Amino acid sequence: DAGVTQSPTHLIKTRGQHVTLRCSPISGHKSVSWYQQVLGQGPQFIFQYYEKEERGRGNFPDRFSARQFPNYSSELNVNALLLGDSALYLCASSRDYEQYFGPGTRLTVT
Amino acid sequence: TQLLEQSPQFLSIQEGENLTVYCNSSSVFSSLQWYRQEPGEGPVLLVTVVTGGEVKKLKRLTFQFGDARKDSSLHITAAQPGDTGLYLCAGISISSGSARQLTFGSGTQLTVLP
């Protein structure tokens, strides 16, 4: 089975722009979580979705939003990008409480 | 806010040495996980510990969950260059929305020199 896939791999945006990151979970996994990992730190929880509904939200501003589609894939949207949004954005899918992470999308905001 | 502190932040040792990484919190977690992350990749789950006082062994890696479920340690015996990576602990808690939320520590960057 294919693992969690994320696109794009790398992305460069300018301050104030908007970005959409995509995630496809492992087949059979209905839950998707998003994390932000700033260089030198551990991942920080942003959102969790299960069966298309938001189940949890971390301490991130409203500029961050997400959704999950009927096929359980997910998008993370970030509006009005700031330099501090530069990070590795990780998606994880799970069937129970073991989460499987994708390779991440490296976002650079200039 | 639940926080997990890991120590040391950086560790550089010679092949064959032993090491221990610590993960501490003031909060109680329902369970705790250890991950290893390599550059350009997402974290990979190594182990989940659930019961206070639990000890799990994975080849040369030994994981322990504190009796009060607030702390954990990872001990590596006879480290090898292939053990090099970022080791992350993550506490699992249940949010108000029933989500199993992971709270990660800041990580320990381990380098094993040949």
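It should be emphasised that the depicted structure is a prediction, and the values quoted were computed from it without experimental measurement. Order of the sequence lines fixes the chain letters, A, B, ..., with proteins taken first and strands second; residue numbering starts at 1 for each chain. Computation of the quantities below employed the complete heavy-atom set of this structure, encompassing side-chain atoms and omitting hydrogens, waters and symmetry-equivalent molecules.
For A:Arg63, the CZ atom sits in a packed shell: over 12 heavy atoms of surrounding residues, nucleotides or ligands are nearer than 6.0 Å. Shown here is A:Ile12, whose CD1 atom has no more than 12 heavy atoms of other residues, nucleotides or ligands within 6.0 Å. Residue A:Asn71 places its CG atom among more than 12 non-hydrogen atoms of other residues, nucleotides or ligands, all under 6.0 Å distant. Applying the 6.0 Å contact sphere to CG of A:Leu39 captures no more than 12 heavy atoms from other residues, nucleotides or ligands. In this structure, A:Arg95 places its CZ atom where only 12 or fewer heavy-atom neighbours from other residues, nucleotides or ligands lie under 6.0 Å away.
Taking B:Gly40, B:Gly42, B:Gly107, B:Ala90 one by one and counting their heavy-atom pairs under 4.5 Å with chain A, the maximum is reached by B:Gly42. Your options are B:Leu86, B:Thr48, B:Val44, and the one with the most heavy-atom pairs under 4.5 Å with chain A is B:Thr48. Options A:Ser31, A:Ser33, A:Gly42, A:Pro43 differ in how many heavy-atom pairs under 4.5 Å they form with chain B, and the most are formed by A:Pro43.
The distance from atom OG of A:Ser94 to atom CG of B:Leu45, rounded to the nearest 0.5 Å, is 11.5 Å. Considering CD of A:Gln41 and CG of B:Leu88, their distance stands at 11.5 Å, rounded to 0.5 Å.
A side-chain donor-acceptor contact under 3.5 Å links A:Gln37 and B:Gln37.
By the rule that hydrophobic residues join a cluster once side-chain heavy atoms approach within less than 4.5 Å of another member, A:Tyr89 and A:Val109 end up as members of one cluster. Note on A:Tyr50: it does not cluster hydrophobically with A:Phe101, by side-chain heavy-atom contacts below 4.5 Å among ILVMFWY residues.
Of the atoms belonging to A:Glu98, heavy atoms from both backbone and side chain fall under 4.5 Å from chain B. Looking at B:Gln109, neither its backbone nor its side chain comes within 4.5 Å of chain A, counting heavy atoms on both sides.
Close placement of the A:Tyr35 and B:Phe104 rings is indicated, their centers lying within 6.0 Å of each other.
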